[in-house]
Amino acid sequence: RSRSHGVTSRLSRPRAPFVLCFTMAALSGAGSIGAMGGVDAVNRERDEYEARVRKFSDFIHSNREEWEKVLDTALANNRFRVRLDLKDLKKLEDGLDRRVMREPVKFLPAWEEALLSFMRETNEKAAKALQQPLKIDIHGSFGRNHVTPRGMTHMMLSQLVKVEGIVTKAGLTAPKILQSMHVHKSMEDGHIEQRDHRDQTAFVNSSAAGAMPTADSEGNELALEIGLSVYKDYQKFLIQEAPEAAPAGQIPRSIEVICEDDLADKAKPGDRVQVTGVYKSFPKSGGDFTDGIWPARLIATNITLIKDMTEAPFVSDDVKNIKMVAARKDAFQLLARSFAPSICGHEKVKAGLLLQMIGGTEKNLPNGTHLRGDINVLLVGDPSCGKSQMLRFVMNIAPLAVSTTGRGSSGVGLTAAMIRDPATREFALEAGAMVLADRGVICIDEFDKMSLND
């Protein structure tokens, strides 16, 4: 209100209720517009999903015979993950491979639905006999998305990534409910209700769909029928940065991986693996406040053991030079002199360490006895003789080497230990230094400092 010479202006009085009515109308209009926008967004998202299903279905039908062979081969070998190369996606549409890497959750469920529909058309009997749903396994060059656990930053969230490392701790495989069946608790009339359960590990938008019902629409009490419900295997394990890939003087980073169905129990502690999956964050449910820090985990779509990946380690020039050195009569003496050249003398010690790194021939006898072809070396000497420096040289040139010290090591720490997870209170098998160095070299300094019991 405006005052002029102590008199209230009449024109200012009706403005307050008029402005209030206008504000309420604006708010109600904004609410209706927001509701309409939400409906439009849902419809638009459904249309995009159906368009992706149709497009991939057309792609499969264009190579019908090839895809029929791929599906038949996979099912014959009891595999439920169908390989799809990024090169084929690039041929299908320019830039599609990059979009799939950036937003895999939008494409993978739609393509898996199209793949299942194609299988129902071509082989309905096999489709009905499926024990697990078909999954698409993306292969190819991942470029900047091929990282170690140290490279899993916020830039990789919700993207398709490939991570390499060593499995250090693996949890127990447990059944996880996928679809629950409910029957009437007080009467046996054959009534069954089902609920689908999708958590944050599923590539769906409604992650909390399908809570456990307690009563049906008529108010009759329901009970869970455990035997009729559908389950899947579920496991967690930790991948740690490889010792040779970690920067000097820094602790190796780790990342938690979640695997389901046929990927469970595929990797054990000590294995070097290459895991492909979607990096997702898991916000904490409940609570009015948050600190904004959520754990992120890798939802695996493929696990490959690195020892199963066959690649030629040498080029033609390397092979030529190796044959040239091998033709020399003093080849072994040459290699022994080249071992730790900064340390003078100790020819016998260097030759022994060289023989350990080269190794012998392991034998598997017909009765099942295994004879290892490797030797163990114990260095004993006065202080400042270069023992630790020779171990360091072995660590630098060996393809797989793990270093530890006898002062802080125990028998359990070197082999394996059962660790109880403080969050889930479940036991997990954690690998020690000797397990991590399997098929490699473990360097234990100050071996005499270990206790007699260990």
Side-chain angles (χ1 to χ4, degrees), residues 84 86 89-90 95-109 135-171 199-205 207 234-260 263 266-267 269 271-285 287 289-306 309 400 402 421-424 428 430-431 436:
L84 179 62
L86 290 172
L89 296 179
K90 195 171 184 179
L96 181 59
D97 54 340
R98 294 191 298 271
R99 294 213 310 270
V100 171
M101 301 273 290
R102 196 165 53 248
E103 298 175 318
V105 177
K106 286 187 176 181
F107 292 92
L108 291 181
K135 299 289 184 181
I136 288 181
D137 185 12
I138 303 292
H139 279 259
S141 177
F142 277 59
R144 68 179 65 180
N145 285 25
H146 191 164
V147 295
T148 62
R150 189 175 294 272
M152 300 293 284
T153 61
H154 72 283
M155 300 290 293
M156 297 296 173
L157 281 174
S158 301
Q159 295 193 22
L160 191 67
V161 295
K162 183 180 289 186
V163 188
E164 285 189 8
I166 302 177
V167 180
T168 56
K169 185 168 67 172
D199 57 3
Q200 293 174 328
T201 60
F203 299 153
V204 292
N205 293 330
S207 59
Y234 178 86
Q235 186 192 23
K236 292 182 182 179
F237 61 86
L238 281 181
I239 288 184
Q240 189 182 85
E241 205 172 10
E244 65 273 10
Q250 296 190 23
I251 300 175
R253 301 288 178 86
S254 299
I255 182 175
E256 190 175 20
V257 180
I258 296 176
C259 54
E260 297 176 341
L263 296 181
K266 195 171 183 180
D271 287 343
R272 291 187 169 229
V273 294
Q274 192 178 83
V275 181
T276 306
V278 181
Y279 193 45
K280 293 186 67 175
S281 61
F282 287 74
K284 299 175 184 177
S285 59
F289 301 96
T290 177
D291 56 0
I293 302 175
W294 299 323
R297 301 179 181 95
L298 183 66
I299 313 299
T301 59
N302 180 50
I303 299 175
T304 306
L305 300 180
I306 292 183
M309 301 167 61
L400 170 58
V402 176
D421 192 348
T424 61
E430 187 168 1
L436 296 179

Inset, instruction - Would you give the length of the straight line joining atom CE of Met152 to atom CD1 of Ile239, rounded to the nearest 0.5 angstrom? - result: 9.0 Å

Inset, instruction - Identify the two heavy atoms, one from Ile258 and one from Lys236, that lie closest to each other, and give their separation to 0.1 Å. - result: CG1-CG, 4.0 Å

Legend entry - Distance, nearest 0.5 Å, that separates CG of Leu238 from OG1 of Thr168: 4.5 Å

Legend entry - Side chain to side chain, Leu108 and Ile138, heavy atoms closer than 4.5 Å: yes

Throw together a table of side-chain donor-acceptor distances under 3.5 angstrom for residues 97-105, partners on residues two or more places apart or in other chains.
unit_1 : atom_1 : unit_2 : atom_2 : d
Arg99  : NH1    : Glu93  : OE2    : 3.3
Arg99  : NH2    : Glu93  : OE2    : 3.3

Inset, instruction - To the nearest 0.5 Å, tell me how far Asn302 CG sits from Gln274 CD. - result: 8.5 Å

Legend entry - Nearest-0.5 Å distance that lies between atom NZ in Lys280 and atom CD in Gln159: 14.0 Å

Legend entry - Distance (rounded to the nearest 0.5 Å) between Thr304 OG1 and Arg272 CZ: 15.5 Å

Legend entry - Distance-minimising heavy-atom pair for Leu86 and Ser141: CD1-O, 3.6 Å

Legend entry - Pro149 versus Gln240, closest heavy-atom pair with distance: CG-C, 4.1 Å

Inset, instruction - Measure the spacing between OH of Tyr234 and CG of Leu263 and express it to the nearest 0.5 Å. - result: 13.5 Å

Legend entry - Backbone of Thr301 reached by a side-chain donor or acceptor of Thr276 within 3.5 Å: no

Inset, instruction - Could you pull out the closest heavy-atom pair between Tyr279 and Thr153, with the gap in Å? - result: CE2-O, 3.7 Å

Inset, instruction - State, to 0.1 Å, how close Ser281 and Leu157 come at their nearest heavy-atom pair, and which atoms those are. - result: N-CD2, 4.0 Å

Inset, instruction - For the pair Glu241 and Arg253, find out whether any cationic side-chain nitrogen is under 4.0 Å from an anionic carboxylate oxygen. - result: no

Inset, instruction - Start with the C-alpha gap between Ile303 and Phe237, add the side-chain angles, then the distance that decides, and say whether side chain to side chain contact (heavy atoms under 4.5 Å, CB included) holds. - result: CA-CA 12 Å; Ile303 299 175; Phe237 61 86; 3.8 Å; yes

Inset, instruction - Could you pull out the closest heavy-atom pair between Lys106 and Pro109, with the gap in Å? - result: C-CD, 4.5 Å

Inset, instruction - Output yes when a side-chain donor or acceptor of Asn145 lies under 3.5 Å from a complementary backbone atom of Leu160, and no otherwise. - result: yes

